[in-house]
Every structure is written in structure tokens, then in C-alpha cells.
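Every heavy atom of this structure was used, including side-chain atoms; hydrogens, water molecules and symmetry mates were not. Note that ligands are numbered from 1 as they come in the structure, with each ligand's atoms numbered from 1 the same way.
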Amino acid sequence: MEITLTQGDITRQRVDAIVNAANSSLLGGGGVDGAIHRAGGPEILAACRALRAGHYGKGLPTGQAVATTAGRLPARWVIHTVGPVHPRPEDGAPELARRTELLASCYRESLRIAAELGARSVALPAVSTGVYGWPMESAARTALGEVLELERKGSLGEALDEARFVLFGADAYGVFEQVLQELSHGP
Ligand code: ADP
């Protein structure tokens, strides 16, 4: 599997699955979630409502992921995942560690579901780095660290060809590029 980075709009990616930084209500929000629902049309929201009426009556817990149709998007599935809100300094180190693990879990669960569905290419946003306030560099270390680890452990089997991080803007792209370079080749 190849880990690639692209700067741009995730709704324009031609991939099998697009990961959405959703909120636990699954009923839409701003940021990348809003963009995905706008571009994908009402079918995605209808599928999310059906999930809320069924197995996810209380919403999707943080760190978990679930797939729906991609509606009109040039993909087969949207995989919704709920990132953690970045803790405040006064919440302390154990809480930061706990939420960092939840952020890693978003990527682990999203890619596990993608592989289970038979997706070969997946586009991923920088989960939690918008409204949820996660600093980009820390988010990049967690996101890329987790995906590299899954690859090293062979957890994704032969299923996926490409995990494509789609960064919104040059700053986010630059941070991910530097962290990927560091994690894959050393500083
Ligand atoms: P969260 O609530 O998880 O923080 P947001 O959607 O607010 O989610 O932000 C997550 C990241 O997605 C941010 O870095 C934001 O700039 C980025 N983003 C917003 N719109 C898009 C888009 N259309 N494509 C890719 N990334 C996007």
C-alpha cells in the first residue's frame, strides 16, 4: 500500500472510499462533513438517518467508523468517523494520550472498514484539525504514524493500494509532507 499526500478538496477525489470527519450525530455538520453532504447529495444523509434509526441510535462513538453510500460523489462509499476534540491543557497528559489513541483509532477503523468493503483506494482528511481544534503537526504524527504502523504490521493485508491524505491548503499539506518524510526516513 502506498501512502500519498494531495492538497485539495476531498469531495473531488476519484477513489473507492472517502473518509468523512463526521460528528457523532451523523446528521451533518460544517467543514469537511458539510462539503461531503453538499457534493454527495441527500442520499448520504438518508443513509446516515437510517443508521441513527438502527444500530447507532445513540450516535457513532468517537474513534469508530461506519460506511454509507457516497451518493453523487465519484467514490463508492463514504466512511464516517468521529474524531476526538483536542483536550485543554488543564485536562492533563493522560487525557491527551487517551484522545490521541481515539484519533489513531479513527484511521485504524476507517481503513479496516475500507478493506472489508473491498476498497482499493481511500481518501482521508485531517480528522479533528478543524472545529475539533487538533494542532496540525500533532494530528499528522498520529494519522501518518498509525497508517504506517498498520502497513508495517500488515494489518490491512493486500486489500488497499493507496491511502491518500487530502489536505485542505498549503500549510496542512506542508506539515503532513514533513512529518511523512520524518516518519518514513528519519529527520
Ligand atoms: P473536525 O470537526 O474533525 O475538526 P473539520 O471538518 O472541521 O473536522 O476539519 C477537518 C479538516 O478538514 C480541517 O483541516 C479542514 O481544513 C479540512 N477540510 C475542510 N473542508 C475540506 C475539504 N472539502 N476537503 C478536504 N479537507 C477539508
Which of the atoms in ligand 1, numbered in the order shown and given with their element, are less than 4.0 Å from a heavy-atom of A35?
23 (N)
Do R164 and E2 sit within salt-bridge range, that is, some charged N less than 4.0 Å from a carboxylate O?
no
Would you say ligand 1 has an N or O under 3.5 Å from any N or O of G133?
no
What verdict does the side-chain contact (heavy atoms from CB on, under 4.5 Å) test give for F165 and T4, after you've listed the backbone C-alpha separation in whole Å, the side-chain angles of each residue and the deciding distance to 0.1 Å?
CA-CA 6 Å; F165 284 92; T4 60; over 6 Å; no
What protein heavy atom lies closest to atom 3 (O) of ligand 1? Include the residue and the distance to one decimal.
S128 N, 2.8 Å
Go through the steps to decide whether E101 and R98 satisfy the test salt bridge (charged side-chain N to carboxylate O under 4.0 Å, His left out), and finish with yes or no.
CA-CA 5 Å; E101 164 48 30; R98 190 183 76 81; over 6 Å; no
For ligand 1, which atoms, with element, lie under 4.0 Å from some heavy atom of D9?
22 (C), 23 (N), 24 (N)
Between V122 and E162, does a side-chain contact (heavy atoms from CB on, under 4.5 Å) hold up when you go through it step by step?
CA-CA 6 Å; V122 183; E162 183 186 6; over 6 Å; no
Geometry only, no angles: is I10 polar-contacting ligand 1 at N/O separations under 3.5 Å?
yes
Is any side-chain heavy atom of L180 closer than 4.5 Å to one of L5?
yes
Of A139, A21, A126, A39, the residue with the heavy atom nearest atom 10 (C) of ligand 1 is A126
Would you please say whether a donor-acceptor pair under 3.5 Å links the side chains of S128 and H86?
no
Looking only at non-hydrogen atoms, which of F165, W134, F168 approaches atom 18 (N) of ligand 1 most closely?
F168
At what distance is the nearest protein heavy atom to atom 7 (O) of ligand 1, and which residue and atom is it?
V131 N, 2.9 Å
P125 to ligand 1: N or O pair under 3.5 Å?
no
For ligand 1, which is the ligand I care about here, please tell me if D33 has any N or O atom under 3.5 Å from one of the ligand's N or O atoms.
no
Using a 4.0 Å cutoff against the non-hydrogen atoms of G8, which atoms of ligand 1 qualify?
24 (N), 25 (C)
Starting from W77, can I reach V66 by hopping between I/L/V/M/F/W/Y residues whose side chains sit under 4.5 Å apart?
no
With the 4.5 Å side-chain cut-off for hydrophobic clustering, are L96 and L102 part of the same group?
no
Considering non-hydrogen atoms of the protein only, which is the closest contact for atom 6 (O) of ligand 1, and what is the distance?
V32 N, 2.8 Å
Atom 14 (O) of ligand 1 sits nearest the protein heavy atom T129 OG1, 2.6 Å
Look only at the side chain of D16 and the backbone of R76, and say whether a donor-acceptor pair between them is shorter than 3.5 Å.
no
among protein heavy atoms, the one nearest atom 4 (O) of ligand 1 is G130 N, 2.8 Å
Between ligand 1 and T11, is the shortest N or O to N or O distance under 3.5 Å?
no
Could you check whether any side-chain N or O of S105 sits under 3.5 Å from a backbone N or O of G63, counting only pairs where one atom can act as donor and the other as acceptor?
yes
